[in-house]
Structures are given as C-alpha cells and as structure tokens.
Chemist: 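Handing you a structure now.
Because only heavy atoms are used, hydrogens play no part in the values below, and waters and symmetry mates are left out as well, while side chains stay in. First listed ligand is number 1; within each ligand, the first listed atom is number 1. This is a predicted model, so every value here is computed, not measured.
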Amino acid sequence: MKKISIALTAVALAVSAGTVSANCDSGERVVKFSHVTGGTTHPKVVAANSLAERVNKEMDGKLCVEVYPNSTLFGDSKELEALLLGDVQLLAPSLSKFGSYTSKYGVFDLPFVFNDMDHAIRFTNSSDGKELLREMEGYAGFVGLGYWMSGMKYFSAKKPLTVPSDASGMKFRVQTSDVAKQMIRAMDASPQAMAFSEVYGALQTGVVDGQENTWSNIYTKKFYEVQDSVTETNHQLLAYLFMTSSDFLNSLSKADREQFVAIADEVTQKANQSVKAKEAANRANILKAGGKINVLTPEQRKEWVDTMKPVWKQFESDIGKDLIESANNA
Ligand code: LMR
C-alpha cells in the first residue's frame with residue numbers, strides 16, 4: 001500500500017465505504033478493520049490508524065489494512081457476525097458487547113470495580129486477565145489480540161446529575177450489557193440498549209434522556225452538544241477486545257503471522273500507554289467547545305458507589321466471585 005493511503009482512505013470513506021480498496025496494490029491481501037468510533041483524537045481511531053500505517057509500511061506488498069471508522073462498514077450489531085463470515089478481519093468492539101457469547105466479560109462492566117485505568121491495565125496484565133483475552137477462542141474462532149483501553153465512563157443527561165436520585169425516572173442509553181442494564185435500574189432509571197451510531201440522534205430527539213461514556217466518545221460524537229452536562233462519576237471502564245479470526249491468522253504464512261502479531265502487540269502497548277493523555281485532552285476539548293462538566297464531592301461520589309455496587313452481587317454466579325475479586329484487587 002502506498003504511504004498516502006491512510007489519508008486517502010479517510011477521504012474515500014467520507015464519500016463511500018465501497019471505494020477504499022482501490023488504495024491497495026494488486027497482489028496485496030486486503031485486511032479490513034471495522035470500528036464504530038470517530039474523530040481524530042479518539043484512542044481507538046489513533047490505534048487502528050497506527051496499526052494500518054505500520055502493517056502497510058512494514059508488510060508492504062503482503063498485507064494492506066483498510067480502516068473503516070464510524071460504523072461505515074459494520075455497526076455494533078453486525079460486526080462480530082461479519083468477522084465470522086470473513087467479511088472483515090479486524091475489530092475492536094467494547095467488552096460490553098459480548099454478552100451473547102460469554103458472561104465473564106461482565107467483570108469489566110461492574111460499576112466501581114476499577115479505580116482508574118492503571119488499575120484496569122494491571123488486571124488485564126494479570127494471569128486472569130490474560131486468560132480472559134483467550135475467552136472468545138472457544139466461540140467460533142475469535143482470537144483476542146489485545147485489550148485496548150478507552151477510558152473510565154461518565155454520565156451525561158438532559159439535566160445536571162449530582163446524586164443518583166437525580167436520575168430517577170430517566171431513560172439512559174446503554175450498550176448491550178446486562179450489568180449496565182442492572183446498574184441503571186439500581187438508579188431507579190430505565191436502560192435502553194442501542195447501537196453507538198444511534199446515540200446522538202436519540203439524545204437529540206429525546207428518545208433517551210442520557211447516556212454513559214468516555215470523554216473521547218462524548219467529545220468526538222458531540223454528545224455534550226445535546227446534553228445539559230456530564231457528571232464526573234468515573235463509575236465504569238470502557239475497554240475493547242482488539243480481535244481477529246483464527247481463519248484469518250491461519251491463512252497467513254508462519255513468518256507473516258508472527259510479524260503481524262508482533263506489530264499488533266506493539267501497537268496495543270503504545271495505545272494503552274497514551275490513553276490517559278488522550279482522555280484528558282478530550283475532557284479539555286469538551287470544556288473548550290462549551291460543554292459543562294459536574295465535578296462531584298467525595299460525599300456525592302459515595303452515593304453513586306453505594307447505589308451501584310450492590311449490582312456486583314447479582315452477577316456473582318455468572319461472572320464468578322473469584323474473578324470479581326481478582327479484578328477488584330489487581
Ligand atoms: C459505545 O457503544 O458506547 C462504545 O462501545 C463505542 C466504542 O466503541 O467506544
């Protein structure tokens with residue numbers, strides 16, 4: 001793939017997802033990477049583009065990675081199926097979207113199980129975390145290449161949220177996660193599972209009153225524009241399973257597979273090292289763009305913890321008590 005192809009891909013994608021393959025040279029194996037996030041400052045966007053840049057330079061003539069952001073190729077509900085069908089080779093879905101395959105990933109969704117991203121990264125580097133990376137191998141040949149951190153999550157809503165009872169009776173968009181749904185119910189609010197690409201419209205038209213996400217998603221998808229404010233609850237992690245299929249990996253020669261996996265690993269390490277800075281920059285971007293952020297006092301934050309933490313108990317038998325403790329103590 002020519003050096004300029006990533007930029008061209010971005011431009012072509014803005015016009016039509018169907019035209020980008022023209023950027024790959026003949027004889028190169030096209031590797032499609034589909035994801036749902038957007039903008040230029042989002043950790044997943046930066047990591048996916050960096051992977052493409054490195055593979056296309058270092059494996060020039062062999063592999064040609066095309067990145068399809070913003071759900072332009074596949075949205076939330078279709079991307080895992082597309083990977084199984086071989087219509088796409090690389091994905092990085094949120095760990096909250098695997099509920100129909102495994103309940104174990106629910107551990108990443110438990111409210112207040114991780115204090116911050118360093119805590120979450122320690123867990124993913126632990127033996128339990130590494131074992132969980134392989135969890136999807138039992139399901140139709142999905143292969144976890146690494147965890148990509150996105151950030152801690154915060155609630156935004158059509159009115160200021162200071163304590164959980166402020167959310168009573170409101171409707172919140174959540175990912176397709178049973179843990180997230182129960183967490184919203186614990187606030188005496190209603191959860192509404194919805195694809196990421198539909199969230200802005202649903203907030204704008206009042207189909208839902210609020211949502212929970214990272215600074216990077218709230219900024220790059222402009223959710224702050226259609227919400228009163230964002231509350232710095234820091235209540236939950238958003239992380240991704242950077243993944244491929246065994247069909248794709250096995251189709252590569254041993255040398256190419258090893259080179260590809262080594263690049264994937266280095267990109268993962270680098271992405272996780274810079275994720276906190278990216279989140280902080282996008283928080284500042286929200287303020288600069290006129291968005292409002294509610295900072296909680298320790299007493300107010302304690303109310304959120306006390307309201308949501310009982311949800312752990314409801315998932316203890318599905319996720320496993322030991323796994324929950326392992327994550328919390330990492
Ligand atoms: C969401 O659906 O809110 C997120 O998983 C989107 C993403 O990939 O960051």
Chemist: For ligand 1, note which part of T214 has a heavy atom under 4.0 Å away: side chain, backbone, both or neither.
Modeler: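 The answer is neither.
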Chemist: Same cluster or not: are V46 and W148 linked, directly or through other Ile, Leu, Val, Met, Phe, Trp or Tyr residues, by side-chain heavy atoms under 4.5 angstrom apart?
Modeler: no
Chemist: With K44 as the cation and Y240 as the aromatic partner, state whether NZ or CZ is under 6.0 Å from the six-membered ring centre and within 45° of the axis.
Modeler: yes
Chemist: Please check if any side-chain donor atom of S156 sits under 3.5 Å from a side-chain acceptor atom of Q211, or the reverse.
Modeler: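 Yes, because at least one side-chain N or O of S156 sits under 3.5 Å from a partner of the opposite role on Q211.
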Chemist: Against heavy atoms of S94, which atoms of ligand 1 measure under 4.0 Å?
Modeler: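 With S94 as reference, the close atoms of ligand 1 come out as 5 (O).
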Chemist: Would you check the N or O atoms of S150, main chain and side chain alike, for any that come under 3.5 Å of an N or O of ligand 1?
Modeler: no
Chemist: Identify, by atom number and element, the atoms of ligand 1 in contact range of T37, meaning under 4.0 Å from any of its heavy atoms.
Modeler: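 Within the 4.0 Å cut-off of T37, ligand 1 contributes 7 (C), 8 (O), 9 (O).
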Chemist: Look at atom 9 (O) of ligand 1 and find which of Y240, W148, F223 reaches it with the closest heavy atom.
Modeler: Y240
Chemist: Restricting to pairs with a member in residues 156-191, which pass ring-ring contact (aromatic ring centres under 6.0 Å, His included), not counting sequence neighbours?
Modeler: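 Passing the test, one end in residues 156-191: F155-F172.
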Chemist: Taking the six-membered ring for Trp, are the ring centroids of F74 and Y68 within less than 6.0 Å of each other?
Modeler: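 Centroid separation for F74 and Y68: 6.0 Å or greater.
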Chemist: Do R29 and S251 have a side chain donor and acceptor closer than 3.5 Å?
Modeler: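 On atom types as modelled, these side chains qualify, holding a pair under 3.5 Å.
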Chemist: Students should be able to answer this: which protein heavy-atom is nearest to atom 5 (O) of ligand 1, and at what distance?
Modeler: Q175 OE1, 2.8 Å
Chemist: So between H35, K44, R173, K221, whose heavy atom ends up nearest atom 8 (O) of ligand 1?
Modeler: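 Minimum heavy-atom distance to atom 8 (O) of ligand 1 goes to K44.
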Chemist: Ring centroid separation for F248 and F260, is it under 6.0 angstrom?
Modeler: yes
Chemist: Tell me whether E212 reaches ligand 1 (any heavy atom closer than 4.0 angstrom to a ligand atom).
Modeler: no
Chemist: Should you measure from each heavy atom of K97, which atoms of ligand 1 turn up under 4.0 Å away?
Modeler: 1 (C), 2 (O), 4 (C), 5 (O), 6 (C)
Chemist: Any atoms of ligand 1 less than 4.0 Å from a non-hydrogen atom of L238? List them with their elements.
Modeler: 5 (O), 9 (O)
Chemist: Taking side chain as C-beta onward, heavy atoms only, is Q89 less than 4.5 Å from V31?
Modeler: yes
Chemist: Taking heavy atoms and a distance under 4.0 Å, where does V199 meet ligand 1: side chain, backbone, both or neither?
Modeler: neither
